[in-house]
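Naming: A, B, ... by sequence-line order, numbering from 1 per chain.
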Protein chains: 2
Amino acid sequence: MKISIGVADDQQLFLRSLSSLISSFPECEVVTEALNGQELLKNLAALEVLPDIILIDVQMPVMDGPAAVKEITAKYPDIATIALSMKEDDHSVLGMLRAGCSAYLLKDVHPRELKEAITEVKAHGYYNGDVLARNRRRLLRGEADEIKLTDREKHFLKLACSDYTYKEIAAKMYLSEKTIDGYRDSLFQKLNVRSRTGMALEAIKRNLVVL
Amino acid sequence: MKISIGVADDQQLFLRSLSSLISSFPECEVVTEALNGQELLKNLAALEVLPDIILIDVQMPVMDGPAAVKEITAKYPDIATIALSMKEDDHSVLGMLRAGCSAYLLKDVHPRELKEAITEVKAHGYYNGDVLARNRRRLLRGEADEIKLTDREKHFLKLACSDYTYKEIAAKMYLSEKTIDGYRDSLFQKLNVRSRTGMALEAIKRNLVVL
DNA sequence: ATTAAAAACAGGGATTTTCCTGTTTTTCGG
DNA sequence: CCGAAAAACAGGAAAATCCCTGTTTTTAAT
């Protein structure tokens with residue numbers, strides 16, 4: 001019996017190419033394709049035969065990978081998901097891990113490894129050797145750079161990734177400049193930086209803020 | 001006669017998938033694949049029958065897109081190149097345009113459009129409707145945000161995208177702090193910013209500095 | 001050798017940021 | 001109502017950055 005596959009990626013060329021490649025695997029067939037999480041869920045709702053496995057990107061518009069995987073895991077517990085991403089930063093990996101992914105591959109893997117991952121996830125429910133397997137324990141026990149930011153800190157951080165002065169940011173947040181100083185100090189500590197530029201760069205690196 | 005195609009991309013999965021997809025086009029055949037510009041040039045040197053068209057990413061390790069296209073254009077003037085990229089910022093587009101690309105597509109195009117682009121580039125030497133066609137005149141007449149930075153300014157900018165103080169940067173560059181001030185002022189003007197954080201963010205946005 | 005341009009450097013003041021320690025107000029749980 | 005914790009705010013000094021104008025040195029062309 002062929003393993004049925006769903007694929008979700010916002011890059012159409014990659015999506016179609018990958019589908020084409022997977023269709024060339026004797027033991028696999030692609031049953032659905034989507035350009036984002038929302039479209040994927042819509043397609044799943046309309047399918048009579050659900051895929052066994054879904055290959056899904058992390059960053060997609062409309063509904064991103066973690067949100068989609070979370071919903072798929074809840075609604076279709078028999079579907080396994082394999083993350084396909086360009087990035088392996090802890091934030092991305094943790095997001096997909098927490099959402100319920102069975103494996104996490106980078107987009108620079110060889111097709112043979114993708115095939116192997118599909119096969120192993122189908123047979124055993126997980127795939128050893130991928131990003132997720134290598135980092136699961138470290139990530140879950142919090143050694144990861146996963147930090148907790150309050151909503152206000154996140155808002156401040158987003159505004160701080162700009163040309164604004166702290167005075168201007170305080171005005172935009174309807175807070176005192178001294179409160180802004182406090183947020184900055186807190187973030188300096190959490191991100192282990194010592195300047196605003198360093199903080200902004202670190203935020204971008206960790207995908208806390210998108211440019 | 002089939003159009004022979006070469007493909008270069010650092011993401012192996014995309015590379016193989018795309019090759020597989022293009023091999024399914026009746027009028028095309030893939031004759032070489034490479035994971036970077038250097039490997040591509042090496043492969044071309046060994047081929048008896050050169051490809052008509054090369055699909056090439058902009059950002060690759062070892063040798064990037066612009067450098068590779070420049071060399072291909074010089075050594076193999078009969079080979080046309082089509083850029084395939086995730087980004088369409090002016091810097092990336094100009095780099096490929098100046099290097100000699102015949103077309104510039106984003107990776108989110110539909111395979112049909114890729115096919116059309118290949119066909120048109122083969123038949124006419126260019127492809128209307130892509131990023132390059134839409135921006136050629138604007139870019140070349142310099143309305144683009146393409147700015148000229150001296151080697152020293154680039155070096156400074158790279159160092160400034162960090163947690164270092166200007167004093168520390170001056171020490172690393174064996175220059176006076178006042179000279180560093182001068183570079184900063186110059187870059188503030190060129191990038192139209194008014195703070196170091198703004199400068200760093202703008203540099204990243206324009207791919208002047210890679211995180 | 002001369003001259004012009006580019007690059008490096010400077011003075012100095014204003015503004016902003018960083019750092020440290022502390023107080024007050026608001027919120028929340030018992 | 002009370003007390004603790006969280007959030008907001010504060011003083012103030014030092015350091016860093018920004019802004020403006022200008023000089024000196026080096027490089028390059030003639």
Side-chain angles (χ1 to χ4, degrees), chain A residues 91 142 144-206 208-211, chain B residues 91 94 98 142 144-206 208-211:
Chain A
H91 180 78
D145 294 328
E146 191 70 0
I147 52 169
K148 282 186 181 350
L149 302 184
T150 68
D151 286 345
R152 277 293 178 77
E153 283 173 338
K154 286 173 185 169
H155 188 187
F156 164 73
L157 187 54
K158 191 175 171 62
L159 290 171
C161 291
S162 74
D163 229 9
Y164 298 126
T165 63
Y166 288 135
K167 188 172 184 171
E168 291 168 337
I169 292 171
K172 284 183 182 297
M173 292 183 73
Y174 304 98
L175 295 169
S176 149
E177 291 175 51
K178 285 301 183 178
T179 301
I180 294 305
D181 283 353
Y183 290 161
R184 181 200 58 228
D185 294 346
S186 171
L187 286 164
F188 275 23
Q189 218 174 17
K190 289 179 178 177
L191 299 176
N192 193 30
V193 296
R194 59 190 176 113
S195 71
R196 178 175 169 177
T197 304
M199 174 178 75
L201 296 173
E202 193 64 25
I204 291 163
K205 278 176 191 168
R206 297 184 191 204
L208 296 172
V209 165
V210 178
L211 269 182
Chain B
H91 180 78
L94 258 177
R98 287 195 178 126
D145 292 328
E146 191 69 3
I147 52 169
K148 280 184 183 350
L149 303 184
T150 67
D151 285 346
R152 275 296 179 69
E153 283 172 338
K154 287 172 186 169
H155 187 187
F156 164 74
L157 188 54
K158 190 172 171 63
L159 289 170
C161 291
S162 74
D163 228 9
Y164 297 126
T165 62
Y166 287 137
K167 187 172 185 174
E168 291 169 337
I169 291 171
K172 284 183 182 296
M173 291 182 73
Y174 304 99
L175 294 169
S176 150
E177 290 176 53
K178 285 297 184 179
T179 301
I180 294 303
D181 280 354
Y183 290 162
R184 181 200 56 225
D185 294 346
S186 172
L187 286 163
F188 275 21
Q189 218 173 19
K190 290 178 177 179
L191 299 176
N192 194 28
V193 297
R194 60 193 173 111
S195 69
R196 178 176 169 178
T197 303
M199 173 179 75
L201 296 173
E202 194 64 25
I204 291 164
K205 279 176 191 167
R206 299 184 191 204
L208 296 172
V209 165
V210 179
L211 270 183

J.: More than 12 heavy atoms of other residues, nucleotides or ligands under 6.0 Å from CD of A:Gln189: yes or no?
T.: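 No, the 6.0 Å shell around CD holds no more than 12 heavy atoms from other groups.
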
J.: In what stems does DNA chain C take part, counting only runs of at least 3 consecutive Watson-Crick or G-U pairs whose two distances fall under 3.5 Å?
T.: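 The stems are C:1-30 with D:1-30.
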
J.: Could you tell me if the side chain of A:Leu175 sits less than 4.5 Å from the side chain of A:Arg152, heavy atoms only?
T.: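 Heavy-atom side-chain distance check passes, below 4.5 Å.
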
J.: Under the rule for salt bridge (charged side-chain N to carboxylate O under 4.0 Å, His left out), what residues qualify as partners of A:Glu177, not counting sequence neighbours?
T.: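 For A:Glu177 there are no salt bridge (charged side-chain N to carboxylate O under 4.0 Å, His left out) partners, ignoring immediate neighbours.
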
J.: Please list, in numerical order, the residues of residues 150-158 of chain B that have a heavy atom closer than 4.0 Å to any atom of DNA chain D.
T.: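 None, since no heavy atom is under 4.0 Å.
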
J.: Could you report the tightest heavy-atom contact between B:Ala160 and A:Thr197, atom names first, then the distance?
T.: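 Heavy atoms of B:Ala160 and A:Thr197 come nearest at O-CG2, 3.7 Å.
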
J.: Does A:Asp163 have any side chain to side chain contact (heavy atoms under 4.5 Å, CB included) partners at least two apart in sequence or in another chain, and if so, which?
T.: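 Counting only residues at least two positions away or on another chain, A:Asp163 forms a side chain to side chain contact (heavy atoms under 4.5 Å, CB included) with B:Val193, B:Arg194, B:Ser195.
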
J.: Locate the shortest heavy-atom distance separating A:Met173 from A:Tyr183; write the atom from each residue and the value.
T.: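 Answer, listing the atom of A:Met173 first, then A:Tyr183: CE-CE1, 4.1 Å.
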
J.: Any chance you could measure B:Thr165, atom OG1, to B:Glu168, atom CD, to the nearest 0.5 Å?
T.: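 Answer for the OG1-CD pair, B:Thr165 versus B:Glu168, is 3.5 Å.
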
J.: Going by side-chain hydrogen bond (donor to acceptor under 3.5 Å, both in side chains), name the residues that satisfy it together with A:Thr150, two or more places apart in sequence or in a different chain.
T.: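 Result, side-chain hydrogen bond (donor to acceptor under 3.5 Å, both in side chains) vs A:Thr150: none returned.
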
J.: Listed by chain and number, what are the side chain to side chain contact (heavy atoms under 4.5 Å, CB included) partners of A:Ile204, not counting sequence neighbours?
T.: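 For A:Ile204, the residues satisfying side chain to side chain contact (heavy atoms under 4.5 Å, CB included) (neighbours in sequence not counted) are A:Leu211, B:Leu201, B:Leu211.
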
J.: What does B:Tyr174 touch in the nucleic acid at a heavy-atom separation under 4.0 angstrom: a base, only the sugar-phosphate, or nothing?
T.: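 B:Tyr174: no heavy atom of the nucleic acid under 4.0 Å.
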
J.: Identify, with sequence neighbours excluded, every residue that meets side-chain hydrogen bond (donor to acceptor under 3.5 Å, both in side chains) alongside A:Arg196.
T.: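 With neighbours one apart ignored, the set is empty.
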
J.: Pick out the pairs of N or O atoms, protein on one side and nucleotides 17-19 of chain C on the other, that lie under 3.5 Å.
T.:
residue	atom	partner	partner atom	Å
C:dT17	OP1	A:Arg196	NH1	3.2
C:dT17	OP2	A:Tyr166	N	3.1
C:dT18	OP1	A:Arg196	N	2.5
C:dT18	OP2	A:Tyr166	OH	2.5

J.: For B:Ser176, give me all partners under side-chain hydrogen bond (donor to acceptor under 3.5 Å, both in side chains), at least two apart in sequence or on another chain.
T.: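 Per chain and number, B:Ser176 pairs via side-chain hydrogen bond (donor to acceptor under 3.5 Å, both in side chains) with no residue.
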
J.: Taking any atom closer than 4.0 angstrom to a non-hydrogen atom of chain A, what span of DNA chain D does the protein reach, first nucleotide to last?
T.: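 Nucleotide range with atoms under 4.0 Å of chain A: D:dA8 to D:dG12.
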
J.: Between B:Glu202 (side chain only) and B:Met199 (backbone N and O only), is there a donor and an acceptor less than 3.5 Å apart?
T.: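 Absent.
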
